[in-house]
J.: 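Dropping the structure in here first, questions after.
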Number of protein chains: 2
Amino acid sequence: MSVRRTSQREIILQELQKSRQHLTADQLFRVVRKKMPRISLATVYRNLELLSETGLIAKLEVSGRQRRFDSEVVGHDHVTCVQCHRVENVFLEGMKEDCPSHGVVDGYTIKGRRLEFFGLCPRCQKKNKVPKGDATMGCGCGCAKKMLTDEQKMVLQAMADFHGPCVAKDIAAATGLEAKLVTGKIADLKKQGFVDSPVRCKYGITADGRTAIKG
Amino acid sequence: MSVRRTSQREIILQELQKSRQHLTADQLFRVVRKKMPRISLATVYRNLELLSETGLIAKLEVSGRQRRFDSEVVGHDHVTCVQCHRVENVFLEGMKEDCPSHGVVDGYTIKGRRLEFFGLCPRCQKKNKVPKGDATMGCGCGCAKKMLTDEQKMVLQAMADFHGPCVAKDIAAATGLEAKLVTGKIADLKKQGFVDSPVRCKYGITADGRTAIKG
DNA sequence: ACCTAACTGATAACTATTACTAAATCAAGC
DNA sequence: GCTTGATTTAGTAATAGTTATCAGTTAGGT
């Protein structure tokens with residue numbers, strides 16, 4: 001026998017496909033841990049490696065510190081937002097001829113290529129346009145992470161550890177902070193784009209939020 | 001005052017430019033240490049960072065574990081050899097129009113792009129063609145590093161620590177191995193492409209060789 | 001010559017990933 | 001269904017590359 005079907009492996013693949021984002025091992029670990037609290041980070045790494053070997057997912061190696069994984073395997077390229085580090089797919093037309101992924105270049109036998117664009121995602125562009133009087137706002141120079149207070153970070157972290165949307169009371173309980181204080185923090189974080197409210201009175205952490213607290 | 005001119009900084013820049021390769025911080029550290037034995041690895045990192053901020057050199061972020069630095073800053077792309085991890089420059093014609101480095105893609109404001117090709121360098125292609133009977137040969141699957149014996153590694157390391165070409169006797173002295181044995185090792189390593197002989201009877205480590213012992 | 005911000009070497013700390021271990025688990029064959 | 005053994009797991013240690021810290025040194029303006 002060779003490759004087995006384990007519940008861990010199944011959930012990892014499933015959650016990566018469900019997210020439709022380019023998650024890092026760490027981000028995926030957090031998501032998967034919601035469904036399987038005792039799973040180990042090492043297991044996530046092992047399975048991502050194995051799944052990418054079998055071709056079920058793609059290992060990205062985009063720029064930045066961490067490796068990312070993609071559930072879409074068909075040929076496409078990527079854009080990285082230089083501010084929030086979000087990575088998205090790009091399908092470019094009429095590129096294949098001029099930017100070949102096979103052939104010979106300078107004596108090298110080309111087996112593949114990688115194309116990555118850098119820029120500002122629509123969300124960050126909008127964020128940067130906000131008048132600078134707002135003290136809780138990111139400064140537009142990519143240092144938003146550093147501007148989070150410890151309490152804001154606590155709130156974000158608690159929200160990240162929740163699976164699905166939660167109310168302010170949940171966060172107050174998880175962080176030990178006063179409920180009124182938490183409500184204020186959430187409002188600030190929402191303005192900064194780190195938190196959104198999918199349902200009225202319920203809140204969830206955004207991809208930006210995750211980026212802001214870790215990686 | 002802001003940025004000072006220090007001898008460390010000068011040598012780092014000078015050696016990177018002289019090498020005309022895409023060195024890792026570690027590789028450059030070894031080269032620089034020949035001229036300035038007490039320099040610290042942290043200083044190398046610090047200055048590479050600073051030099052790339054001022055635009056004098058380029059920080060690469062090609063795929064692979066280590067970051068590499070390039071003394072050529074003008075727009076060009078890179079090829080990475082999937083076997084020996086050598087990185088070289090590529091200047092593609094007629095690419096600018098179809099593979100733009102500025103503009104708007106899917107709502108992102110593009111500030112730059114990175115294009116990396118993967119393939120086999122001419123040297124590795126040639127290496128792979130050698131009949132497989134040769135036991136000292138790399139297996140062509142990228143695992144050449146693991147096939148080095150401890151003694152071969154010692155020889156390579158000693159050669160790396162030498163600045164410029166050296167004779168077998170130097171290596172024997174540095175490693176403590178018998179001179180006759182060293183001669184044999186050098187011959188093997190030369191066949192594998194880890195050592196070359198710029199001058200008759202003098203030997204030097206190649207980029208492949210450096211890769212083979214570290215990163 | 002003096003002063004001080006910028007810099008250095010040495011080393012600890014950190015982050016992302018991989019390796020290792022004993023224990024648990026899947027699935028093939030009875 | 002039970003046995004069996006290779007695969008996989010959780011937990012943790014180890015590693016590689018890089019960054020941070022810090023006390024002492026130095027460049028370069030005054």
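Keep in mind that this is a model prediction, so the values were computed, not measured. A, B, ... follow the sequence lines: proteins, then strands. Residue 1 opens every chain.
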J.: Determine: side-chain N/O of A/T6 to OP1/OP2 of D/dT9, distance under 4.0 Å, yes or no.
T.: yes

J.: Could you check how far CG of B/L60 sits from P of D/dT18, rounded to whole Å?
T.: 12 Å

J.: Would you say a side-chain N or O of A/R5 is under 4.0 Å from OP1 or OP2 of C/dT25?
T.: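 False: A/R5 side-chain N/O out of range (4.0 Å or more) of C/dT25 OP1/OP2.
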
J.: Distance check needed: C/dG9 C1' versus B/I11 CD1, whole Å only.
T.: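 The distance from CD1 of B/I11 to C1' of C/dG9 comes to 15 Å, rounded to the nearest Å.
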
J.: Would B/R67 count as a cation-pi partner of B/F69, with NZ or CZ less than 6.0 Å from the six-membered ring centre and within 45° of the ring normal?
T.: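 No, a cation-pi geometry is absent between B/R67 and B/F69.
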
J.: Could you tell me how far apart A/L41 (CG) and C/dC20 (P) are, to the nearest whole angstrom?
T.: 18 Å

J.: Write down the distance between CD (B/Q66) and C1' (C/dA16), rounded to a whole number of angstrom.
T.: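 Answer to the nearest Å: 14 Å.
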
J.: Is a side-chain donor or acceptor of B/R68 paired with a backbone partner of B/H22 at a separation under 3.5 angstrom?
T.: yes

J.: Would you mind reading off the distance between A/I39 atom CD1 and D/dT12 atom C1', rounded to a whole angstrom?
T.: 16 Å

J.: If I take atom CG in residue B/L48 and atom C1' in nucleotide D/dT18, what distance separates them, rounded to the nearest angstrom?
T.: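 One finds 12 Å between C1' of D/dT18 and CG of B/L48, rounded.
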
J.: Quick one: is D/dT19 close enough that its OP1 or OP2 comes under 4.0 Å of any side-chain N or O from B/R67?
T.: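 For D/dT19, OP1/OP2 do have a side-chain N/O of B/R67 under 4.0 Å.
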
J.: Take atom CG of A/L28 and atom P of C/dA16, then tell me their distance rounded to the nearest Å.
T.: 15 Å

J.: Does a side-chain heavy-atom distance below 4.5 Å link A/Q27 with A/Q21?
T.: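 No - every pair of side-chain heavy atoms lies 4.5 Å or more apart.
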
J.: Does B/K18 reach the side chain of B/V31, with side-chain heavy atoms less than 4.5 Å apart?
T.: no

J.: Closest heavy-atom contact between B/I57 and B/L16?
T.: CG2-CD2, 3.8 Å

J.: Are the side chain of A/E15 and the backbone of A/V32 linked by a donor-acceptor contact shorter than 3.5 Å?
T.: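 Absent.
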
J.: Given B/E49 and B/R46, is the salt bridge (charged side-chain N to carboxylate O under 4.0 Å, His left out) satisfied, shown in steps?
T.: CA-CA 5 Å; B/E49 186 61 38; B/R46 229 183 288 122; over 6 Å; no

J.: Determine whether a donor-acceptor pair (N or O, by modelled atom type, separation under 3.5 Å) exists between the side chain of A/R9 and the backbone of A/R4.
T.: yes

J.: Taking only nitrogen or oxygen atoms into account, show me every contact under 3.5 Å that the protein makes with nucleotides 22-24 of chain D, one pair per line with its distance.
T.:
none

J.: Test your reading of the model: is there a side-chain donor-acceptor pair from A/K34 to the backbone of A/R30, 3.5 Å cut-off?
T.: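 Yes; at least one donor-acceptor contact below 3.5 Å.
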
J.: Map B/R65 and B/S40 onto DNA chain C by nearest heavy atom, then report which one ends up closer to the 5' terminus.
T.: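 Taking each residue's closest nucleotide, the earlier one in sequence belongs to B/S40.
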
J.: Phosphate oxygens OP1/OP2 of C/dC7: is one of them under 4.0 Å from a side-chain N or O of B/N47?
T.: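 No.
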
J.: With the side chain of B/L50 defined as its heavy atoms from C-beta on, choose the nearest nucleotide among D/dG11, C/dC7, C/dG9.
T.: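 Ranking D/dG11, C/dC7, C/dG9 by closest atom to the B/L50 side chain puts C/dC7 first.
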
J.: On the side chain of A/R4, is there an atom forming a donor-acceptor pair with the base of D/dT7 - under 3.5 Å, no angle test?
T.: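 Under the 3.5 Å cut-off, the side chain and the base do form a donor-acceptor pair.
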
J.: Between A/D77 and B/R114, does a salt bridge (charged side-chain N to carboxylate O under 4.0 Å, His left out) hold up when you go through it step by step?
T.: CA-CA 11 Å; A/D77 302 298; B/R114 198 184 61 191; over 6 Å; no

J.: Taking only side-chain nitrogens and oxygens of A/Q8, does any of them come within less than 4.0 Å of OP1 or OP2 of C/dT25?
T.: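 For A/Q8, the contact criterion (side-chain N or O under 4.0 Å from OP1 or OP2 of C/dT25) is not met.
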
J.: Polar-atom pairs under 3.5 Å, protein N or O versus N or O of nucleotides 1-3 of chain D: list them with distances, or write none.
T.:
none

J.: Figure out the CZ/C1' separation between A/F69 and C/dT17, and round it to whole Å.
T.: 10 Å

J.: Below 4.0 angstrom from OP1 or OP2 of C/dT17, is there any side-chain N or O of A/Y45?
T.: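 Yes.
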
J.: If you assign B/S7 and B/A42 each to the DNA chain D nucleotide with the nearest heavy atom, which residue ends up on the more 5' nucleotide?
T.: B/A42

